[in-house]
Amino acid sequence: MTRHGKNCTAGAVYTYHEKKKDTAASGYGTQTVRLSKDAVKDFDCCCLSLQPCKDPVVTPDGYIFEKEAILEYILHQKKEIARQMKAYEKQKNKKKAEVQELQKAAKESKVKVFLEKETSIISKPLNPFMGGTQPSTSNQPSREDRDKELPSFWIPSLTPEAKAAILKKPDKTVYCPMSGKPLKMKDLIPVKFTPVDETLDRVGLINRQDRYICAVTRDMLGNSVPCAVLRPSGAVVTLECVEKLIKKDMQDPINGESLSEKDIIVIQRGGTGFAGSGVALEAKESRPVMQA
């Protein structure tokens with residue numbers, strides 16, 4: 001049988017292609033698939049809705065969101081934190097009440113034991129002809145006898161029960177869904193993209209593959225072009241424009257305001273069909289593993 005046979009099954013070597021094919025068909029092992037360009041969002045799309053932004057804002061870390069979507073996310077997180085805080089306070093008050101009840105019960109039990117001991121004292125005249133102490137008249141079983149007795153497992157107090165989960169005090173900070181860093185509403189910076197054609201409406205702009213250009217050099221923007229947002233004006237420019245033009249005098253070319261390093265926010269972009277920038281272009285699925 002030739003080396004390049006279509007159904008070559010007589011080979012002595014278990015090839016990588018055969019191993020990968022058998023792994024996919026067996027249902028075991030970890031599968032790895034490289035994502036295509038369709039699975040990577042464009043640089044101007046919202047990180048939550050994955051759709052082109054109508055009113056875009058950017059975080060200090062460079063993640064673009066639709067203003068309505070990120071505000072709804074922040075409000076939802078605050079409501080969730082308030083709900084968790086309410087449940088935590090309820091648990092705290094319940095635990096405090098239980099401790100007070102236990103203290104009260106312990107105090108009552110001490111008083112009860114003391115009264116039982118007081119009432120059990122019997123004063124009898126001592127017989128002068130009988131030496132030593134009087135024999136105890138108590139009919140109560142000794143401690144050793146009580147320890148030997150087996151408890152009744154059907155008593156409700158001895159049956160197993162599921163204990164309530166202990167809640168921890170929730171963190172009141174709202175975190176960014178992408179970077180995981182603290183996020184506030186005042187940190188969101190409006191973004192103003194420069195469209196290719198000013199006469200196009202929103203629908204016509206979204207249908208175009210090349211939608212926006214640099215506000216200074218008029219170069220086309222895309223996932224393959226590193227971009228940055230200028231905080232004072234919100235304009236989107238290329239990093240090449242920032243390095244060659246803007247950093248020379250550190251002024252915003254749109255409104256003339258002075259810039260600092262924090263005012264130049266690099267946009268976190270997705271990637272092209274061949275390479276990624278800051279994202280993992282591989283998807284992994286962990287499945288059962290056969291072990292010896």
Side-chain angles (χ1 to χ4, degrees), residues 30 47-49 59-61 63 65 67-188 284-292:
T30 303
C47 294
L48 291 176
S49 64
T59 63
D61 297 316
Y63 293 99
F65 296 96
K67 188 175 182 180
E68 181 180 356
I70 190 62
L71 291 181
E72 184 178 352
Y73 170 82
I74 293 175
L75 292 176
H76 174 73
Q77 291 298 316
K78 288 186 176 181
K79 288 182 180 179
E80 184 67 18
I81 292 172
R83 185 192 64 80
Q84 294 177 0
M85 196 68 187
K86 188 176 180 180
Y88 172 77
E89 292 293 338
K90 184 178 180 180
Q91 175 187 269
K92 187 177 178 182
N93 295 334
K94 184 179 180 181
K95 190 175 181 181
K96 187 177 180 180
E98 290 178 355
V99 171
Q100 291 178 354
E101 290 180 0
L102 290 175
Q103 292 177 352
K104 185 179 179 181
K107 188 176 180 180
E108 291 178 354
S109 64
K110 287 182 180 179
V111 174
K112 186 177 180 181
V113 170
F114 175 77
L115 293 176
E116 288 178 355
K117 289 182 178 179
E118 286 292 324
T119 55
S120 64
I121 296 176
I122 302 175
S123 60
K124 290 184 178 181
L126 295 176
N127 190 354
F129 299 100
M130 296 292 293
T133 60
Q134 293 290 335
S136 176
T137 58
S138 176
N139 294 326
Q140 296 180 355
S142 62
R143 184 175 180 181
E144 294 181 357
D145 295 338
R146 290 197 303 267
D147 292 340
K148 291 180 181 179
E149 294 179 358
L150 295 176
S152 300
F153 61 88
W154 57 82
I155 297 178
S157 61
L158 299 178
T159 55
E161 58 181 355
K163 297 182 179 179
I166 300 176
L167 302 178
K168 296 182 179 180
K169 187 175 182 180
D171 190 0
K172 296 184 179 180
T173 307
V174 178
Y175 295 95
C176 176
M178 298 300 295
S179 63
K181 296 181 179 179
L183 181 64
K184 298 180 181 179
M185 290 186 182
K186 64 179 181 180
D187 297 334
L188 301 176
K284 292 185 178 180
E285 180 186 3
S286 299
R287 300 186 297 180
V289 179
M290 297 292 291
Q291 294 182 350

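Model, not experiment: these values are computed from the prediction. Counting begins at 1 with the first residue of the sequence.
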Which is it for Lys94 and Lys90 under the side-chain contact (heavy atoms from CB on, under 4.5 Å) test, yes or no, and what are the steps along the way?
-> CA-CA 6 Å; Lys94 184 179 180 181; Lys90 184 178 180 180; 5.7 Å; no
Step by step, would you call Thr59 with Ile70 a side-chain contact (heavy atoms from CB on, under 4.5 Å)?
-> CA-CA 10 Å; Thr59 63; Ile70 190 62; 5.8 Å; no
Just do the side-chain contact (heavy atoms from CB on, under 4.5 Å) check on Lys96 and Lys92 with the steps written out, would you?
-> CA-CA 6 Å; Lys96 187 177 180 180; Lys92 187 177 178 182; 5.9 Å; no
Walk me through it: do Lys78 and Lys172 pass the test side-chain contact (heavy atoms from CB on, under 4.5 Å)?
-> CA-CA 8 Å; Lys78 288 186 176 181; Lys172 296 184 179 180; over 6 Å; no
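Atom CG of Leu115 is separated from atom NZ of Lys117 by 11.5 Å, given to the nearest 0.5 angstrom.
Shown here for Tyr175 and Pro182, the closest heavy-atom pair between the two residues is CD2-N, 3.7 Å. Residue Ile81 comes nearest to Asp171 through the heavy atom pair CD1-O, 3.5 Å, listed as atom of the first residue, atom of the second, then distance. When all heavy atoms of Leu167 and Gln91 are compared, the closest pair comes out as N-OE1, 2.9 Å. Across all their heavy atoms, Asp187 and Pro60 have their closest contact at O-CD, 3.6 Å. The two residues Gln84 and Pro170 have their closest heavy-atom pair at OE1-CB, 3.5 Å.
Residues satisfying the side-chain hydrogen bond (donor to acceptor under 3.5 Å, both in side chains) test with Tyr88, not counting sequence neighbours, are none.
Within a 6.0 Å sphere centred on CD of Glu68, other residues, nucleotides and ligands contribute 12 heavy atoms or fewer. By the neighbour-count criterion of 12 heavy atoms within 6.0 Å, atom CD1 of Ile166 is sparsely surrounded, having that number or fewer from other residues, nucleotides or ligands.
Salt-bridge check for Arg83 with Glu80: passed, with a basic side-chain N closer than 4.0 Å to an acidic carboxylate O.
Checking side-chain atoms of Asp61 against main-chain N and O of Tyr63 turns up no donor-acceptor pair under 3.5 Å.
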